[in-house]
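Here is the structure we will look at, set down as structure tokens.
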Amino acid sequence: MSNILAFDLGASSGRAILGKLIDGRIVTEELHRFPNDPVQTGDRLQWDILRLYHEIKQGLLKAKHSGAEPVSIGIDSWAVDYGFIGRDGSLLGNPLHYRDQSSAGMMEKLQDELTPGEIFKRTGIQFLPFNTIYQLYAAKSSQSPLLDIAEHFLMIPDLLRYFLTGEKYNEFSNATTTQLFNPITQEWDEDLLKHLDLPQSLFGQVLQPGSPAGYLQQSVQEELGLGPIAVHAVAEHDTASAVVAVPAVDRSFAYLSCGTWSLLGTEISEPIISEEAQQLNFTNEGGFGGTYRLLKNIMGLWILQECRREWERAGQNYSFPELVKLAGEAQAFSAFIEPDDPMFMAPGDMPARVREYCRKTNQPIPNDTGSLVRCILESLAFKYRYVLEMTERLSGQQFNGLHMVGGGIHNTLLCQWTANAIGKPVWAGPAEGSAIGNLAVQWIARGEFSDIWEARSVIRDSFPMTNYDPEQGEAWYDGYGQFLHVTGLH
């Protein structure tokens with residue numbers, strides 16, 4: 001029985017999950033968990049990438065000390081952010097956080113030069129102001145000196161993998177999120193790079209999930225007292241890993257990866273690059289086995305997380321279960337927000353922004369905590385229905401329910417309200433979807449599973465799944481109409 005290790009890095013925390021296969025079941029153990037706090041330096045918001053690397057090494061040490069030295073490891077993280085490597089092999093500066101304001105307005109500015117239709121035709125990726133293409137465009141516009149000395153572009157898991165192995169590779173699922181990768185040619189898009197005046201040589205070989213990506217380099221082996229552990233390029237965008245872990249039975253299924261961000265969509269064999277997909281601002285991000293994730297980003301639990309941070313700053317320390325309890329006791333359908341309104345993107349006083357949105361849309365103001373949390377969660381559930389119906393329209397499929405994975409499924413009220421809103425069952429689990437998908441890709445690469453469907457079958461048998469059947473259908477049907485009216489969504 002061999003051990004493998006998944007490092008799963010989210011926007012607020014990271015974890016090292018040990019995986020074993022015992023009697024045809026997956027057994028996991030969390031060896032290490034650590035915060036991932038962005039750092040504000042002046043007017044820049046940056047990731048503390050070296051701290052993350054340090055924590056990865058701590059995870060490896062904990063595996064060693066527990067007598068479970070892994071035979072392979074994989075890393076997944078959030079998308080779009082990157083760092084540069086110089087000609088001497090050093091990291092050039094801390095990677096910027098996707099919520100940093102340096103790329104504000106860059107999407108619109110680039111679209112004055114290249115039409116949205118041309119960009120979408122070449123990439124199939126939705127238009128989000130923090131996409132890598134706009135971050136790089138901002139760097140060019142500000143004449144960043146880093147661009148003059150950069151030799152290699154590496155995204156967050158690429159960077160951490162490079163620190164461990166010394167090998168410089170890009171990975172498919174994350175590369176597609178840059179809005180610089182062409183899914184038709186399966187290469188970095190030469191025309192887009194040329195327009196941005198970025199050298200093709202900056203962007204490296206793109207590995208498919210499951211590809212070998214090197215071994216712990218000698219210096220790391222000596223520092224940690226470990227052997228030459230294999231490192232795999234897994235589905236390194238955490239949503240791609242989460243989709244691998246969806247315990248679906250049917251080949252046609254809808255998923256919602258629920259956490260700081262919510263990502264709702266379906267798995268398809270070829271990208272849907274159509275005018276309608278562009279108008280609906282859907283994306284075609286890479287998945288395992290050459291598949292694509294037709295999906296849409298939704299702001300997710302970020303809004304509630306920021307509210308909680310603001311309340312903590314004011315000395316009101318609510319646990320998430322306490323907030324959920326207060327929401328359940330508040331009046332239903334009294335006010336709604338559009339979770340993806342730009343006013344909710346940046347960090348800050350989120351309770352004030354929720355109230356301001358309600359004020360601007362002539363709704364009752366949710367002044368108490370329970371009403372405000374209920375407003376957020378009901379609005380999320382209704383936005384999930386809105387996006388699920390668009391997914392069905394674009395893909396030409398009808399889904400008989402929704403698979404929810406990720407940490408957000410601990411919020412049982414949101415799961416139930418989502419079932420109520422969509423009028424279909426919700427199947428919730430597993431919670432550690434990204435880490436489990438990371439492990440599954442490693443096992444497929446090692447020949448332990450024959451393919452993704454065997455992996456999903458074992459995942460289904462290994463982790464509990466909670467079923468939520470829709471309730472209060474008429475009330476939620478009427479509430480959805482109110483939500484659409486207030487938010488202007490149609």
Side-chain angles (χ1 to χ4, degrees), residues 44 46-47 49 77-98 100 102-116 118-125 127-163 165-208 211 213-214 233 236-237 284-286:
R44 293 278 74 87
Q46 297 172 307
W47 295 109
I49 192 72
S77 86
W78 66 96
V80 306
D81 293 335
Y82 66 91
F84 290 128
I85 301 298
R87 62 178 57 93
D88 66 347
S90 299
L91 174 66
L92 304 176
N94 278 325
L96 288 177
H97 191 294
Y98 58 84
D100 180 75
S102 60
S103 56
M106 291 295 132
M107 182 171 73
E108 294 78 11
K109 187 176 177 183
L110 183 57
Q111 288 176 0
D112 288 339
E113 303 172 14
L114 293 171
T115 66
E118 185 173 0
I119 297 172
F120 189 78
K121 180 181 69 176
R122 292 186 170 280
T123 65
I125 295 297
F127 292 90
L128 295 169
F130 49 72
N131 284 351
T132 317
I133 186 174
Y134 309 118
Q135 294 191 40
L136 289 167
Y137 187 62
K140 290 294 291 188
S141 298
S142 65
Q143 299 182 318
S144 169
L146 297 185
L147 288 169
D148 296 330
I149 56 175
E151 293 279 318
H152 299 279
F153 163 94
L154 296 175
M155 303 187 77
I156 297 300
D158 302 329
L159 264 178
L160 295 167
R161 192 167 14 83
Y162 164 67
F163 293 155
T165 66
E167 304 284 352
K168 306 181 193 75
Y169 296 113
N170 298 108
E171 182 274 330
F172 173 66
S173 70
N174 236 352
T176 60
T177 70
T178 62
Q179 212 168 23
L180 286 166
F181 188 87
N182 190 315
I184 307 303
T185 64
Q186 291 287 298
E187 300 284 350
W188 299 105
D189 191 277
E190 291 184 15
D191 289 345
L192 289 176
L193 295 181
K194 185 176 180 181
H195 184 88
L196 269 63
D197 193 26
L198 294 170
Q200 185 87 19
S201 60
L202 196 61
F203 299 84
Q205 178 185 352
V206 176
L207 298 180
Q208 285 291 324
S211 300
E236 291 188 346
H237 182 196
N284 295 270
E285 296 173 352

Write down the atom of A138, the atom of S103, and the distance for their closest heavy-atom approach.
CB-CA, 4.0 Å
For G204 and N170, the nearest pair of non-hydrogen atoms, with its separation, is N-OD1, 2.9 Å
Between the CG atom in L192 and the CG atom in L198, the distance rounded to the nearest 0.5 Å is 10.0 Å
Residue pair W78 / H237: nearest heavy atoms and the distance that separates them
C-CD2, 4.1 Å
Are L136 and Y82 close enough that some pair of their side-chain heavy atoms sits under 4.5 Å apart?
yes
Is there a side chain to side chain donor-acceptor pair (under 3.5 Å) between Q135 and D100 once you walk through the steps?
CA-CA 9 Å; Q135 294 191 40; D100 180 75; over 6 Å; no
Nearest 0.5 Å please: distance from the CG atom of L159 over to the CG atom of L154.
5.0 Å
For F84 and L202: C-alpha separation, side-chain torsions, deciding distance, then whether side-chain contact (heavy atoms from CB on, under 4.5 Å) applies.
CA-CA 9 Å; F84 290 128; L202 196 61; 3.9 Å; yes
Within the structure provided, determine whether M106 and S141 are in side-chain contact (heavy-atom separation under 4.5 Å).
yes
Shortest non-hydrogen pair, I49 vs P95, comes out as CG2-CD, 3.7 Å
Donor-acceptor pair, distance only, cut-off 3.5 Å: does the side chain of K140 make one with the backbone of D197?
yes
Roughly how far, to the nearest 0.5 Å, is the CG atom of L110 from the OG1 atom of T115?
10.0 Å
For the CG atom of L91 and the NE2 atom of H152, what is their distance to the nearest 0.5 Å?
13.0 Å
Taking all heavy atoms of I133 and all of L196, pick out the closest pair and write down the distance.
O-CD2, 3.7 Å
Pair E236 + R161, salt bridge at N-O below 4.0 Å:
yes
Distance, nearest 0.5 Å, that separates CG of L92 from OG of S144:
9.0 Å
Using only atom types and a distance under 3.5 Å, with no angle test, would you say the side chain of N284 pairs donor to acceptor with the backbone of G124?
yes
H97 vs F130, side-chain contact (heavy atoms from CB on, under 4.5 Å): CA-CA, chis, key distance, verdict
CA-CA 9 Å; H97 191 294; F130 49 72; over 6 Å; no
Are more than 12 heavy atoms, taken from residues, nucleotides or ligands other than E118, located less than 6.0 Å from that residue's CD atom?
yes
Can you name the closest pair of heavy atoms from L96 and S102 and give their distance?
CD1-OG, 3.6 Å
What donor-acceptor contacts under 3.5 angstrom involve side-chain atoms of residues 175-185, with partners at least two apart or in another chain?
unit_1, atom_1, unit_2, atom_2, d
T176, OG1, S173, O, 2.8
T176, OG1, G286, N, 2.9
T177, OG1, N174, O, 2.7
T178, OG1, A175, O, 2.7
T178, OG1, L180, N, 3.0
Q179, OE1, N131, ND2, 2.9
Q179, OE1, Y134, OH, 3.0
Q179, NE2, I125, O, 2.9
Q179, NE2, Q126, O, 3.4
N182, OD1, I184, N, 2.8
N182, OD1, T185, N, 3.2
N182, ND2, R122, O, 3.4
N182, ND2, D189, OD2, 2.9
T185, OG1, E187, N, 3.3

Evaluate the criterion side-chain contact (heavy atoms from CB on, under 4.5 Å) for residue pair E190 and Q200; output intermediate values, then yes/no.
CA-CA 7 Å; E190 291 184 15; Q200 185 87 19; 3.4 Å; yes
Test item: S90 side-chain N/O and G86 main-chain N/O as donor-acceptor pair under 3.5 Å:
no
Tell me whether the rings of W188 and F153 are parallel (<30°), tilted (30 to 60°) or perpendicular (>60°).
perpendicular
Answer whether the closest heavy-atom distance between the side chains of F127 and Q111 falls below 4.5 Å.
yes
Which residue is it: E113, K109, H195? I am looking for the one with a side-chain hydrogen bond (donor to acceptor under 3.5 Å, both in side chains) to Y137.
E113
Rounded to the nearest 0.5 Å, what separation is found between the CD atom of Q205 and the OH atom of Y169?
6.0 Å
